Number of protein chains: 2
Amino acid sequence: MRPLFHPVPENITVEGILHALSDPVRAAIYAKIVGANCSQICSSFLEVSAKPVPKSTLSQHFKVLREAGLIRGERRGVEMHNTSRCDEINQRFPGLIPAILSAHTLQSKGTARSAAAGKRKPAKA
Amino acid sequence: MRPLFHPVPENITVEGILHALSDPVRAAIYAKIVGANCSQICSSFLEVSAKPVPKSTLSQHFKVLREAGLIRGERRGVEMHNTSRCDEINQRFPGLIPAILSAHTLQSKGTARSAAAGKRKPAKA
DNA sequence: GTCCATAGTTCATGAATTCGGAACTATAGA
DNA sequence: TCTATAGTTCCGAATTCATGAACTATGGAC
């Protein structure tokens with residue numbers, strides 16, 4: 001169990017953030033963490049998606065979010081508590097996170113039909 | 001040579017946009033297209049990055065940007081003219097594109113040193 | 001202390017993406 | 001028609017991603 005890696009704010013990159021949030025599962029996880037006032041534990045996300053996410057996959061997703069600088073993870077006993085690093089990122093890239101989150105919100109509200117489409121392919125016909 | 005595919009605005013997804021712009025080469029291409037008042041041809045991007053981008057790779061990058069709905073490509077004779085679809089996207093996801101672009105600008109200004117780091121890995125030590 | 005349950009991580013491997021050189025297509029002009 | 005130019009497509013190699021199995025670390029019961 002190697003120690004958790006968190007980038008310092010200066011090493012947080014736009015590419016890392018966009019990549020992390022370009023996956024719908026990770027975006028959903030992050031949105032929920034940001035939305036909650038308290039820290040969230042990993043296992044509460046096993047059913048974040050329509051089909052349940054295996055816990056090894058979940059662990060990788062949390063790692064990506066952590067290493068992108070989006071969240072901070074802290075082991076407390078046997079659980080991992082996750083909080084958002086919104087303020088730090090907002091200081092480095094003002095407005096970026098709110099814009100992405102509100103776009104995600106708009107999308108999930110607006111389009112029930114296009115949600116049927118695949119992960120990131122824009123329907124090939 | 002199959003015809004170019006462009007998604008209609010309703011099928012443009014946040015995931016697609018974030019994925020497309022999470023690559024530094026594509027982000028640079030897109031920023032230049034948005035910044036320019038006139039359309040840009042593909043071959044003018046062979047040297048967007050420090051090391052020259054092969055034209056097959058460039059072609060793929062343009063395809064990703066097109067299919068994400070970020071740009072519109074139009075064949076004119078032997079060249080391909082590319083323009084941004086900013087307005088359409090801004091209507092669907094207000095503020096998203098400006099936020100990402102200004103974050104990219106901030107980053108490229110601010111950190112000459114972290115630019116030395118790899119593509120999206122946040123320095124492992 | 002030992003044993004067990006729980007919460008996550010790491011490893012290994014197959015699937016899916018991405019990169020880039022070579023070959024190809026389409027158009028313009030001589 | 002022949003040649004040059006601008007992009008695209010194809011395909012093999014390299015990389016990244018997903019996930020089951022094995023593992024680690026902590027807490028609690030005894």
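In the text below, chain A, chain B and the rest are named by the order of the sequence lines, each starting its count at 1. Just so we're clear, the structure is a prediction, and the values are computed from it rather than from any experiment.
Taking the salt bridge (Lys or Arg N to Asp or Glu O under 4.0 Å) definition, one finds that A:R76 meets it with A:E74, sequence neighbours left out. Listed by chain and residue number, B:R72, B:R85 satisfy the side chain to side chain donor-acceptor pair (under 3.5 Å) test with B:E88 (two or more places apart in sequence, or in another chain). For the side chain to side chain contact (heavy atoms under 4.5 Å, CB included) test, residues two or more places apart in sequence or in another chain that qualify with A:K63 are A:Q60, A:R66, A:E67.
Screening residues 83-102 of chain B for ring-ring contact (aromatic ring centres under 6.0 Å, His included), with sequence neighbours left out, gives no hits. Sorted by first and then second residue, the ring-ring contact (aromatic ring centres under 6.0 Å, His included) pairs with a member in residues 35-78 of chain A read A:F45-A:F62; sequence neighbours excluded.
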I need a per-nucleotide contact map over nucleotides 20-30 of chain D, read 5' to 3'. Cutoff is protein heavy atoms under 4.0 Å; write B for the base, S for backbone only, - otherwise.
BB--BBBS---
Which donor-acceptor pairs under 3.5 Å do the side chains of residues 36-43 of chain B make with protein atoms, sequence neighbours left out?
residue : atom : partner : partner atom : Å
B:S39   : OG   : B:H81   : ND1          : 2.9
B:Q40   : NE2  : B:C38   : O            : 3.4

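In this model, the phosphate group of D:dC17 is not approached by any side-chain N or O of B:H19 to a distance below 4.0 Å at OP1 or OP2.
Using a 4.0 Å heavy-atom cutoff across all strands shown, B:H81 reaches no nucleic acid atom at all.
Under a 4.5 Å side-chain heavy-atom criterion applied to ILVMFWY residues, the cluster that includes B:M80 comprises B:L4 as well.
For A:R2 and C:dT9, the CZ to P distance is 11 Å, given to the nearest whole Å. Between B:L58 atom CG and C:dC19 atom C1' the separation is 13 Å, expressed in whole Å. The distance between atom CZ of A:F62 and atom P of C:dT9, rounded to the nearest whole Å, is 9 Å. Rounded to whole Å, atom P of C:dT17 lies 13 Å from atom CZ of B:R26. Distance, A:K63 NZ to C:dC11 C1': 11 Å, rounded to whole Å. C:dG29 atom C1' lies 14 Å from atom CD of B:E79, rounded to whole Å. A:H61 has its NE2 atom 15 Å from the P atom of C:dG8, to the nearest Å. Between B:I29 atom CD1 and D:dG7 atom P the separation is 12 Å, expressed in whole Å.
Put simply, the side chain of B:R92 gets close to the backbone of B:I12: a donor and an acceptor are under 3.5 Å apart.
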Take A:L18 and A:T13, measure what side chain to side chain contact (heavy atoms under 4.5 Å, CB included) needs, and give me the verdict at the end.
CA-CA 9 Å; A:L18 298 192; A:T13 67; over 6 Å; no
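Residues from residues 38-53 of chain B that place a heavy atom under 4.0 Å from any atom of DNA chain C: there are none.
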